J.: 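Have a look at this one before I ask anything.
Please read all numbers here as calculations on a predicted model, not as lab measurements.
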Amino acid sequence: MFGVTIPPGYRDWRVISVAHEEGDLNSFAAILGNDVAINAHRERRLPFPDGTIIAALHWSFVPSEENNKVFGRSQSFVPGPPTNVQFMVKDSRRYASTGGWEFGHFKDGKPGEAALLKTCFPCHDLARARDLVFTRYAP
């Protein structure tokens, strides 16, 4: 378990959606998918087919002083420092014990600790009706 590596070329994948998470996370995210993920999202196919890979790129968010000067008030936020990159990889046989998905978490290109990764499945299992995927396709 926890054998996900950073897929080559993932930064060139297409956008599934974007997210702004508040609370303890306070981040912006770009949710990207490989071709299998994009096609499944567009076709609203559940469960997701094996070979689906979803990437979540997270950044802290900071006010844009430059933009706010133009607007005359504080209303513009932009990505700050990156916080982590997360991956979900679908292989229903290999990862049957975690709903068919394996999870990866990387900070500064280094994999997350096993204790952190053990929290992924219990959280994503709350989205069982969507095959453990929280993100919906933004057309």
J.: I'd like to know if V36 and F103 are part of one continuous hydrophobic network [Ile/Leu/Val/Met/Phe/Trp/Tyr, side-chain heavy atoms within less than 4.5 Å].
T.: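 Unlinked, F103 and V36 end up in two clusters.
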J.: What about L57 and I6, same hydrophobic cluster or not, with Ile/Leu/Val/Met/Phe/Trp/Tyr joined at side-chain heavy-atom distances under 4.5 Å?
T.: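 Hydrophobic grouping puts L57 with I6.
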J.: Between S27 and S60, is any pair of side-chain heavy atoms under 4.5 Å apart?
T.: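 Result no, sub-4.5 Å side-chain heavy-atom pair not found.
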J.: Can you name the residues that form a side chain to side chain contact (heavy atoms under 4.5 Å, CB included) with A29, not counting sequence neighbours?
T.: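 Residues passing side chain to side chain contact (heavy atoms under 4.5 Å, CB included) with A29: A19, I31, H58.
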J.: Is there a path of hydrophobic side-chain contacts, each under 4.5 Å between heavy atoms of I, L, V, M, F, W or Y residues, that connects W59 with V85?
T.: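 Looking at the clustering, V85 is in the same group as W59.
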J.: With S76, which residues qualify under side-chain hydrogen bond (donor to acceptor under 3.5 Å, both in side chains), at least two apart?
T.: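 Checked S76 against side-chain hydrogen bond (donor to acceptor under 3.5 Å, both in side chains); matches are N67.
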J.: Could you pull out the closest heavy-atom pair between A55 and W13, with the gap in Å?
T.: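 The pair with the smallest heavy-atom distance is CB-CZ3, 4.1 Å.
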J.: Is a side-chain N or O of N26 found less than 3.5 angstrom from the main chain of E22, in a donor-acceptor match?
T.: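 Looks like no, no N/O pair under 3.5 Å.
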J.: Compare every heavy atom of T135 with every heavy atom of H41, then report the nearest pair and how far apart it is.
T.: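 Answer, listing the atom of H41 first, then T135: NE2-O, 3.5 Å.
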J.: Does anything in residues 37-51 pair up under salt bridge (Lys or Arg N to Asp or Glu O under 4.0 Å), and if so which pairs, sequence neighbours excluded?
T.: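 Those involving residues 37-51 are E43-R45.
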J.: Can you tell me which residue pairs pass the salt bridge (Lys or Arg N to Asp or Glu O under 4.0 Å) test with a partner in residues 83-96, sequence neighbours excluded?
T.: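 Listed once each, the pairs are K90-D131.
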J.: Mind checking who shares a hydrophobic cluster with V62, ILVMFWY linked at side-chain heavy-atom distances under 4.5 Å?
T.: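 Members alongside V62: V78.
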J.: Restricting to non-hydrogen atoms, name the atom on V4 and the atom on F87 that form the minimum distance, rounded to 0.1 Å.
T.: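 Result for this residue pair: CG1-CB, 3.9 Å.
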J.: Check whether more than 12 heavy atoms from other residues, nucleotides or ligands sit under 6.0 Å from atom CD of E113, and answer yes or no.
T.: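 No, CD of E113 has 12 or fewer neighbouring heavy atoms, counting only those of other groups under 6.0 Å.
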J.: Sort out for me which residue in V15, D12, I54 forms a side chain to side chain contact (heavy atoms under 4.5 Å, CB included) with L32.
T.: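 Looking at V15, D12, I54, the match for L32 under the side chain to side chain contact (heavy atoms under 4.5 Å, CB included) is V15.
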J.: When you compare the side chain of Y10 with that of N34, does any pair of heavy atoms fall below 4.5 Å?
T.: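 Counting from C-beta outward, N34 and Y10 never come under 4.5 Å.
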J.: Provide the full list of salt bridge (Lys or Arg N to Asp or Glu O under 4.0 Å) pairs with a residue in residues 58-73, sequence neighbours left out, each pair given once.
T.: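 Passing the test, one end in residues 58-73: no pairs.
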J.: Applying salt bridge (Lys or Arg N to Asp or Glu O under 4.0 Å), name anything that partners D35, two or more places apart in sequence or on another chain.
T.: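 Only R14 meet the salt bridge (Lys or Arg N to Asp or Glu O under 4.0 Å) criterion with D35.
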J.: Under the rule for ring pair (Phe, Tyr, Trp, His ring centres under 6.0 Å), what residues qualify as partners of Y137, not counting sequence neighbours?
T.: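 Partners of Y137 under the ring pair (Phe, Tyr, Trp, His ring centres under 6.0 Å) test: none.
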J.: Looking at H124 and C120, would you say the former's side chain and the latter's main chain have a donor-acceptor pair under 3.5 Å?
T.: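 A pair under 3.5 Å: no.
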J.: Which label fits F48 and W101: parallel for a plane angle under 30°, tilted from 30 to 60°, or perpendicular past 60°?
T.: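 Taking W101 first and then F48, their aromatic rings stand perpendicular (interplane angle over 60°).
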J.: Are I38 and V133 joined in one hydrophobic group, where the rule is that I, L, V, M, F, W and Y side chains link up if heavy atoms are under 4.5 Å apart?
T.: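 Yes, I38 and V133 fall within the same hydrophobic cluster.
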J.: So how far is it from T5 OG1 to E102 CD, rounded to the nearest 0.5 Å?
T.: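 Nearest 0.5 Å value for the OG1-CD distance: 10.5 Å.
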J.: Just how far is it from atom CZ of F121 to atom SG of C123, taken to the nearest 0.5 Å?
T.: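 Separation between the atoms: 11.0 Å.
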J.: L132, L46: one ILVMFWY side-chain cluster at the under-4.5 Å cut-off?
T.: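 Yes.
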J.: Rounded to the nearest 0.5 Å, what's the gap from CG on L117 to OG1 on T98? Could you check?
T.: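 One gets 11.0 Å once the value is rounded to the nearest 0.5 Å.
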J.: List the residues meeting side-chain hydrogen bond (donor to acceptor under 3.5 Å, both in side chains) with T119, not counting sequence neighbours, and say none if there are none.
T.: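 Result, side-chain hydrogen bond (donor to acceptor under 3.5 Å, both in side chains) vs T119: none returned.
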J.: If I take atom CE from residue M88 and atom OH from residue Y95, how far apart are they, to the nearest 0.5 angstrom?
T.: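 Here the interatomic distance stands at 12.0 Å.
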